[in-house]
Amino acid sequence: MKVTRLSSAALTNLLQGKTSIPTTCVVKFYSNDCHYCHKLKEYYEKIAEEHVDLYFFAFNVQDAAGIENKLGFKGVPTIIKVNTTSGIPQVEVIEEPH
């Protein structure tokens with residue numbers, strides 16, 4: 001599946017569970033000036049193509065000041081999983097591999 005860039009409004013709707021269908025989404029948070037984020041882009045897009053059962057998004061943290069604090073992560077790149085299948089969105093920050 002293709003990676004789609006999220007707007008602030010779309011991210012808010014996703015985090016509030018306001019989706020048209022119950023689903024699982026993966027969101028990569030990035031910054032334009034982060035070289036790690038740019039290196040991750042190709043891999044993230046490849047994973048998205050391999051998992052057609054999930055929705056993949058990208059969100060620029062510069063579009064929403066303080067989003068890191070709201071979601072409980074400290075830097076970029078960060079990937080979260082949002083599951084809306086139970087009606088109440090479940091948000092999980094994916095841990096960095098060791």
Side-chain angles (χ1 to χ4, degrees):
M1 185 163 284
K2 181 179 167 187
V3 175
T4 305
R5 186 169 186 267
L6 281 178
S7 67
S8 293
L11 178 63
T12 298
N13 286 340
L14 176 63
L15 295 174
Q16 292 176 352
K18 296 178 182 176
T19 58
S20 58
I21 57 169
T23 190
T24 300
C25 302
V26 180
V27 182
K28 177 185 78 165
F29 291 87
Y30 71 94
S31 173
N32 290 336
D33 56 353
C34 170
H35 70 278
Y36 295 115
C37 298
H38 293 289
K39 287 186 175 206
L40 179 61
K41 181 180 179 184
E42 181 182 330
Y43 299 106
Y44 188 67
E45 289 174 346
K46 183 177 179 181
I47 292 168
E49 290 174 8
E50 294 172 358
H51 295 276
V52 296
D53 55 329
L54 303 172
Y55 291 90
F56 284 80
F57 298 103
F59 185 81
N60 188 334
V61 295
Q62 295 161 322
D63 291 344
I67 192 68
E68 299 97 325
N69 293 332
K70 181 178 179 180
L71 294 176
F73 64 90
K74 296 190 188 301
V76 292
T78 292
I79 298 175
I80 68 167
K81 179 177 82 170
V82 181
N83 187 328
T84 64
T85 58
S86 67
I88 300 171
Q90 304 295 314
V91 178
E92 175 185 355
V93 176
I94 305 300
E95 294 295 323
E96 185 174 338
H98 300 284

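- Closest approach of D63 and S8 over heavy atoms only: O-OG, 3.0 Å.
- Classified by interplanar angle (parallel below 30°, tilted 30° to 60°, perpendicular above 60°), the ring pair Y44/F56 is perpendicular.
- In the hydrophobic clustering of ILVMFWY residues, with side-chain heavy atoms under 4.5 Å counting as a link, I94 and L71 come out apart.
- Annotation for I88: atom CD1 does not count as buried by contact number, only 12 or fewer foreign heavy atoms lying within 6.0 Å.
- By the criterion of side-chain heavy atoms lying less than 4.5 angstrom apart, applied directly or through intervening Ile, Leu, Val, Met, Phe, Trp or Tyr residues, Y36 is not grouped with V93; the two fall into different hydrophobic clusters.
- Ring orientation note: the planes of F59 and F29 are nearly perpendicular, at an angle over 60° on the 30°/60° scale.
- Across V61 and S31, no two heavy atoms sit closer than the pair CG2-CB, 4.1 Å.
- Residues I79 and L54 fall within the same hydrophobic cluster, defined by Ile, Leu, Val, Met, Phe, Trp and Tyr side chains chained together at heavy-atom separations under 4.5 Å.
- Note that CG of L40 is 8.5 Å distant from SG of C34, once rounded to the nearest 0.5 Å.
- K41 has its side chain out of reach of V3: every pair of non-hydrogen atoms, C-beta onward, lies at least 4.5 Å apart.
- Using a 4.5 Å cut-off on side-chain heavy atoms (C-beta onward), Y30 and R5 make contact.
- With rounding to the nearest 0.5 Å, the separation of NE2 in H51 from CE in M1 is 12.0 Å.
- Note: the hydrophobic cluster containing I80 does not contain Y43 (ILVMFWY, side chain heavy atoms under 4.5 Å, direct or indirect links).
- Dense packing is recorded around CD of E50, with more than 12 heavy atoms of other residues, nucleotides or ligands lying under 6.0 Å away.
- Between the side chain of T24 and the main chain of N83, no donor-acceptor pair closer than 3.5 Å is present.
- If you chain together hydrophobic residues whose side chains sit under 4.5 Å apart, L15 and V26 never meet in one group.
- Checked against V82 for a side chain to side chain contact (heavy atoms under 4.5 Å, CB included), the options T19, T23, L11, L14 give a single hit: L14.
- Looking at H38, its side chain does come within 3.5 Å of a backbone N or O of N32 through a donor-acceptor pair.
- Atoms NZ and CD, from K28 and E45 in turn, are 7.0 Å apart once rounded to the nearest 0.5 Å.
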